[in-house]
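All remarks here apply to the structure that follows.
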2 protein chains.
Amino acid sequence: MAKQKRDAAATRSKIIQNAMELFAKKGFDGVSVDEVAAASQINKAMIFYYFKNKAGLYEAVMQGVLDAIYEEIVEADKCCDNTLGELKAFIATYASFAKRYPYFPALLLRELSDSGAHLPELMFESMKKLFVLLSGILEKGEREGVFKEVIPMIVHFMIIGTLNLYVTTQSLRKRVYEEDGLDTCCGCEIEEIAEYIYKKILLMLEVDNEKNICCS
Amino acid sequence: MAKQKRDAAATRSKIIQNAMELFAKKGFDGVSVDEVAAASQINKAMIFYYFKNKAGLYEAVMQGVLDAIYEEIVEADKCCDNTLGELKAFIATYASFAKRYPYFPALLLRELSDSGAHLPELMFESMKKLFVLLSGILEKGEREGVFKEVIPMIVHFMIIGTLNLYVTTQSLRKRVYEEDGLDTCCGCEIEEIAEYIYKKILLMLEVDNEKNICCS
DNA sequence: GATATAATCAACCAGTTAGTTAAATTTATG
DNA sequence: CATAAATTTAACTAACTGGTTGATTATATC
């Protein structure tokens, strides 16, 4: 099967991939359609052909990545039937996703910075879905007496805020480490950070011991 | 004293104020110089007269706000000579600043999203200074045996990540609350959030009791 | 009140932007 | 092979971009 000269699906996903990288690095307004076309080695008109306009391209990028992370977290949470395992899976999966899609945190932080001005409905639904998921875990834990004094919204921000900042500040942290020798966690893998956050959240929510076992 | 027809300082700060608001809402590339001029009711050329170019205006906005928050936190930390008080002052002052300068969190998150691409040196120095400050408090606490298992960088991100997200998501949270009745902390003042974060961080760092007294 | 200087403005410029169009080329299908 | 549909292209446009210029106006100082 020789490489086809035309492959709509491949062209489409190539555009999305390049657009994702560029939007993450420079934001919606910082990227021109010409730029995306050049990076994808296609004619600019293709972008309008596939995505109608620049906003449509942006929405396709965000929709894809937001749906993907939600699905992954839902899937990961299934594997556990105890509250602590679900919380751990939530944090670990978010971290794992951010590692595989390093552009995601920047895209998200940018979008939150303007309260989802570019994508009001999409951001609204996505933020809500993720929050409802974590919130469910935390409230279940509180009912079970596992967690104490939970404010789900703030715990949610603690988790995703920390992980997002950790990923987006990578180059800044590296520079601070190299020039000033400060410990900015440059040697850490994000999995270790996720583990640390999980442990600290347990302490924070006053989980009293290790009688609760959670999956791997 | 009749209102002067010309007042350089007032014009300058009027431009900065409007630019700060616009940059926070739409990002560097999302705002045009014409837009800032129109919002400030001045001629566009004035912006180039005072700030040389668009980047100069942006830098003036960020420099002002970053210097201001650093100064405030340094000042607040002086009033306490015990470690817990300093930590509390750090969190409370950051929150108080974010309340008075509601555009600051969005500006910061945007700048971090592109690793300070617009302002490499300024972001580098500012991020470093704030981190060194908190890091000093946390490491002192660890030496004193007050804090346990501290990773300063992550604790730093937990504090500023949470507070920044709380402020920037205000309108999204409000909508989620109104349409779905979920508790998104819309009734909370940021001071309460800061207090909650402080308490949770104490638990997290395994501060064992309240023998340590901190200032108001 | 003359004058130098600081502050302000309207009009302009060249380059870039998102988006369009109509034609060309490839591919599937009968 | 013919025809239609899907895909790709180059060339184009109208609006907007950051930035400049040279003239104009207000203010302080002598």
Side-chain angles (χ1 to χ4, degrees), chain A residues 1-63 107 110-111 114 117-119, chain B residues 1-63 107 110-111 114 117-119:
Chain A
M1 183 156 54
K3 190 164 71 179
Q4 278 189 296
K5 283 193 176 176
R6 290 185 172 189
D7 185 340
T11 304
R12 216 189 117 97
S13 79
K14 188 168 61 176
I15 295 171
I16 292 227
Q17 200 54 41
N18 286 290
M20 173 156 50
E21 181 171 342
L22 287 166
F23 282 140
K25 282 184 182 156
K26 315 208 262 176
F28 181 81
D29 296 293
V31 177
S32 73
V33 177
D34 295 81
E35 210 174 342
V36 177
S40 312
Q41 291 173 292
I42 48 102
N43 189 281
K44 172 168 66 151
M46 298 303 297
I47 290 170
F48 295 92
Y49 177 70
Y50 283 116
F51 304 99
K52 189 182 169 199
N53 53 28
K54 188 184 177 183
L57 169 61
Y58 184 70
E59 188 171 346
V61 167
M62 292 297 286
Q63 183 81 255
L107 289 170
R110 278 180 202 284
E111 203 54 39
D114 47 29
H118 292 110
L119 302 167
Chain B
M1 185 154 58
K3 192 164 70 179
Q4 277 189 298
K5 284 194 174 177
R6 291 186 172 186
D7 185 339
T11 304
R12 215 189 117 98
S13 78
K14 187 168 61 177
I15 295 171
I16 293 228
Q17 200 54 41
N18 286 290
M20 173 158 47
E21 183 172 341
L22 287 166
F23 282 140
K25 283 185 180 155
K26 315 210 262 176
F28 182 81
D29 297 294
V31 177
S32 73
V33 179
D34 295 80
E35 213 174 341
V36 177
S40 312
Q41 291 173 291
I42 47 102
N43 190 280
K44 173 165 71 148
M46 296 307 296
I47 289 170
F48 296 93
Y49 177 69
Y50 283 116
F51 304 101
K52 190 183 168 195
N53 54 27
K54 188 184 177 183
L57 169 61
Y58 185 70
E59 189 172 347
V61 166
M62 292 298 285
Q63 183 81 257
L107 289 170
R110 276 180 203 283
E111 202 55 37
D114 47 30
H118 293 110
L119 301 167

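Just so we're on the same page: letters track the sequence lines, and every chain starts at 1.
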Quickly work out the B:M46 CE to D:dT21 C1' distance and round it to whole Å.
15 Å

Are any protein N/O atoms closer than 3.5 Å to N/O atoms in nucleotides 16-18 of chain C? If there are, list each pair with its distance.
unit_1 : atom_1 : unit_2 : atom_2 : d
C:dA18 : OP1    : A:V31  : O      : 3.3
C:dA18 : OP1    : A:K54  : NZ     : 2.8
C:dA18 : OP2    : A:V33  : N      : 2.8
C:dA18 : N7     : A:K44  : NZ     : 3.1

Rounding to 0.5 Å, atoms CD1 (B:I15) and CE (B:M20) come to a distance of 13.0 Å

Side chains of B:F51 and B:R12: does their closest heavy-atom pair fall under 4.5 Å?
yes

Side chains of A:L107 and A:E21 in contact at under 4.5 Å (non-hydrogen atoms):
no

CZ/B:F23 to CE/B:M62 distance, rounded to the nearest 0.5 angstrom?
10.0 Å

Whole angstrom is fine here: how far is it from CD in B:Q41 over to C1' in C:dC9?
15 Å

Provide, to the nearest angstrom, the distance between the NZ atom belonging to B:K52 and the C1' atom belonging to D:dT20.
14 Å

A:F48 side chain reached by A:L57 side chain, heavy atoms, under 4.5 Å
no

OP1 or OP2 of D:dT9 versus the side-chain N and O atoms of A:Y49: is any pair under 4.0 Å?
no

Calculate the interatomic distance between B:I47 atom CD1 and D:dT20 atom C1'; express it in whole Å.
14 Å

Short N-O contact, A:K44 and A:D34, less than 4.0 angstrom:
yes

Has B:K25 got a side-chain atom pairing as donor or acceptor with A:A117's backbone, closer than 3.5 angstrom?
no

Rounded to the nearest angstrom, tell me the gap between atom CZ in A:R12 and atom P in D:dT8.
13 Å

Keeping the roles fixed (side chain from B:K14, backbone from B:Q41), state whether a donor-acceptor pair exists under 3.5 Å.
no

Tell me the interatomic distance from A:I42, atom CD1, to C:dT26, atom C1', rounded to whole angstroms.
17 Å

Would you say B:R110 and B:H118 make side-chain contact, with heavy atoms under 4.5 Å?
no

Please write out each protein N/O paired with an N/O of nucleotides 22-25 of chain D under 3.5 Å, distance rounded to 0.1 Å.
unit_1 : atom_1 : unit_2 : atom_2 : d
D:dT25 : O2     : B:R6   : NH1    : 2.6
D:dT25 : O2     : B:R6   : NH2    : 2.6

Atom-pair distance (CZ on B:F51; P on D:dG18), nearest Å:
15 Å

C:dA10 OP1/OP2 closer than 4.0 Å to side-chain N/O of B:N43:
yes

Tell me whether the OP1 or OP2 atom of D:dT8 has a side-chain N or O from A:T11 closer than 4.0 Å.
yes

